[in-house]
Amino acid sequence: MQHDLLAGTGYRPLSLPRTQPTILVFDSGLGGLSVLSQVTRACPGANIVYAADDAGFPYGRLPEAALVDRVLAVMERLTSRFHPDLAVIACNTASTLVLPALRARFAIPFVGTVPAIKPAAAETRTGLISLLATPGTVARDYTRGLIETYAAGHEVTLVGATRLAALAECALKGEPVDDEAIRGEIASCFVEREGRRTDVVTLSCTHYPLLLERMKRLAPWPVTWIDPAPAIAKRVADLLGPAALLLPPESMAVFTSGTQLCDPLRIALAGYGLAQITIEPMPLPSRSTGC
Ligand code: DGL
């Protein structure tokens, strides 16, 4: 099994200096915003298209074959409309499955987001690591392979959270999210074993850093929370190289469901620099037939 999904080691930096590149940051919903803010900081000259496949959300519940088909279909539409120079798959649930198919289909570089097991193994002192992710990411062969390769000497607890991504979406939309609901989703991360306790939790869904401050407050004891977004942004910046800043960079958000965005979400998106919003309707086939 290859573990180069995040690094995208098959790519060399693009030819330099570039005029303003366009970076596509893609997720099933709003979680990729946690990656977007780091990418924007690392690549200040780039145009950004943030694409949320909210018609397909949550990806964590989709069977693997359906998820591969979905991401390829959405990416086909997005690349032909926005012509990105590079795409960030800001979604662990998709990256741990779909990157080989994306790289086979499209010519642009793809940078993925996968569970930060190697940094977690380097960080732990107690040997007890928890991987907090969607049920899809927890079930992937790819995730198991990462653990065997990088954390074989440690005890890794896989926690498949069924509601946490949706709770993060609610919070960003200004809807009330109960502390108990968050506490219940993260409780299994905290393991005690013969006087040792979990000391590292790897945030392996891009939605979760959106709730980080609340998770820190609700945790039964302090741990190191690992968010891979800065490493992803650095990889993107290394691949693109410095941009020649000719015009002020532009940013926009694209959503695949035709649903109206509520005002608190528009305000939150504007806070990420995404004041311009487009709807590119792509209903999930099962939803459009009312299943
Ligand atoms: N943000 C996605 C991830 O990183 C998951 C959310 C979903 O289930 O769609 O895995």
Side-chain angles (χ1 to χ4, degrees), residues 5-6 27-35 38 57-62 89-97 112-151 154-172 177-193 196-232:
L5 291 186
L6 166 61
D27 184 30
S28 56
L30 303 173
L33 294 172
S34 66
V35 178
Q38 296 293 328
F57 180 84
Y59 277 180
R61 75 188 153 87
L62 289 182
I89 305 302
C91 175
N92 292 260
T93 311
S95 295
T96 50
L97 182 69
T113 311
V114 299
I117 288 295
K118 196 176 175 184
E123 182 72 26
T124 184
R125 294 292 166 264
T126 65
L128 298 178
I129 298 167
S130 289
L131 188 159
L132 182 62
T134 66
T137 299
V138 161
R140 298 271 186 268
D141 289 343
Y142 185 84
T143 302
R144 312 264 163 172
L146 278 179
I147 293 167
E148 278 162 27
T149 305
Y150 295 115
H154 302 302
E155 182 177 331
V156 180
T157 301
L158 294 166
V159 180
T162 54
R163 297 177 57 213
L164 201 51
L167 294 174
E169 297 245 329
C170 290
L172 205 67
V177 175
D178 196 44
D179 275 356
E180 283 318 303
I182 297 174
R183 204 194 307 271
E185 292 288 293
I186 67 173
S188 311
C189 291
F190 296 87
V191 176
E192 296 192 270
R193 199 79 78 221
R196 292 176 299 133
R197 286 174 156 183
T198 302
D199 63 349
V200 178
V201 177
T202 168
L203 298 171
S204 300
C205 167
T206 52
H207 280 73
Y208 303 164
L210 302 176
L211 292 174
L212 182 56
E213 292 314 311
R214 291 186 69 180
M215 293 195 291
K216 281 181 181 171
R217 179 167 58 76
L218 296 167
W221 59 79
V223 294
T224 300
W225 305 84
I226 297 185
D227 175 3
I232 294 159

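Numbering of residues begins at 1 and proceeds along the displayed sequence.
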Worksheet item: Is the shortest side-chain N to carboxylate O distance from D179 to R217 below 4.0 Å?
Response: yes
Worksheet item: Salt bridge check: are R163 and E185 linked by an N-O gap of less than 4.0 Å?
Response: no
Worksheet item: Can T157 and V159 be said to form a side chain to side chain contact (heavy atoms under 4.5 Å, CB included), step by step?
Response: CA-CA 6 Å; T157 301; V159 180; 4.0 Å; yes
Measure the [atom1]-[atom2] distance between [X] and [Y] for me, rounded to the nearest 0.5 Å.
| X | Y | atom1 | atom2 | result |
| --- | --- | --- | --- | --- |
| L158 | S188 | CG | OG | 11.5 Å |
| L164 | L132 | CG | CG | 5.5 Å |
| R140 | L97 | CZ | CG | 4.5 Å |
| D178 | C170 | CG | SG | 11.5 Å |
| E155 | I129 | CD | CD1 | 10.0 Å |
| L33 | L172 | CG | CG | 6.0 Å |

For the backbone of [Y] and the side chain of [X], can you confirm whether one donor and one acceptor N or O come within less than 3.5 Å of each other?
| X | Y | answer |
| --- | --- | --- |
| R214 | V177 | yes |
| T198 | V191 | yes |
| Y208 | A133 | yes |
| R197 | E192 | no |
| T93 | G60 | no |
| T124 | A121 | no |
| D199 | V223 | no |

Quick one: closest heavy-atom pair of [X] and [Y], and the distance?
| X | Y | value |
| --- | --- | --- |
| P135 | T162 | CG-CG2, 4.0 Å |
| T113 | A90 | OG1-CA, 3.4 Å |
| M215 | L203 | CE-CD2, 3.7 Å |
| Y59 | C91 | CD1-SG, 3.9 Å |
| G31 | E169 | N-OE2, 4.3 Å |
| I89 | S95 | O-OG, 3.1 Å |

Do [X] and [Y] have side chains that approach each other closer than 4.5 Å (heavy atoms only, starting at C-beta)?
| X | Y | answer |
| --- | --- | --- |
| R193 | L128 | yes |
| L131 | I117 | yes |
| T149 | I147 | no |

Item to complete: Quick one: do T96 and T143 satisfy side chain to side chain donor-acceptor pair (under 3.5 Å)? Show the steps, please.
Response: CA-CA 7 Å; T96 50; T143 302; 4.9 Å; no
Fill in: Whether H207 and F57 hold their rings parallel, tilted or perpendicular, with breakpoints at 30° and 60°
tilted
Item to complete: Go through the steps to decide whether T137 and N92 satisfy the test side chain to side chain donor-acceptor pair (under 3.5 Å), and finish with yes or no.
Response: CA-CA 6 Å; T137 299; N92 292 260; 5.7 Å; no
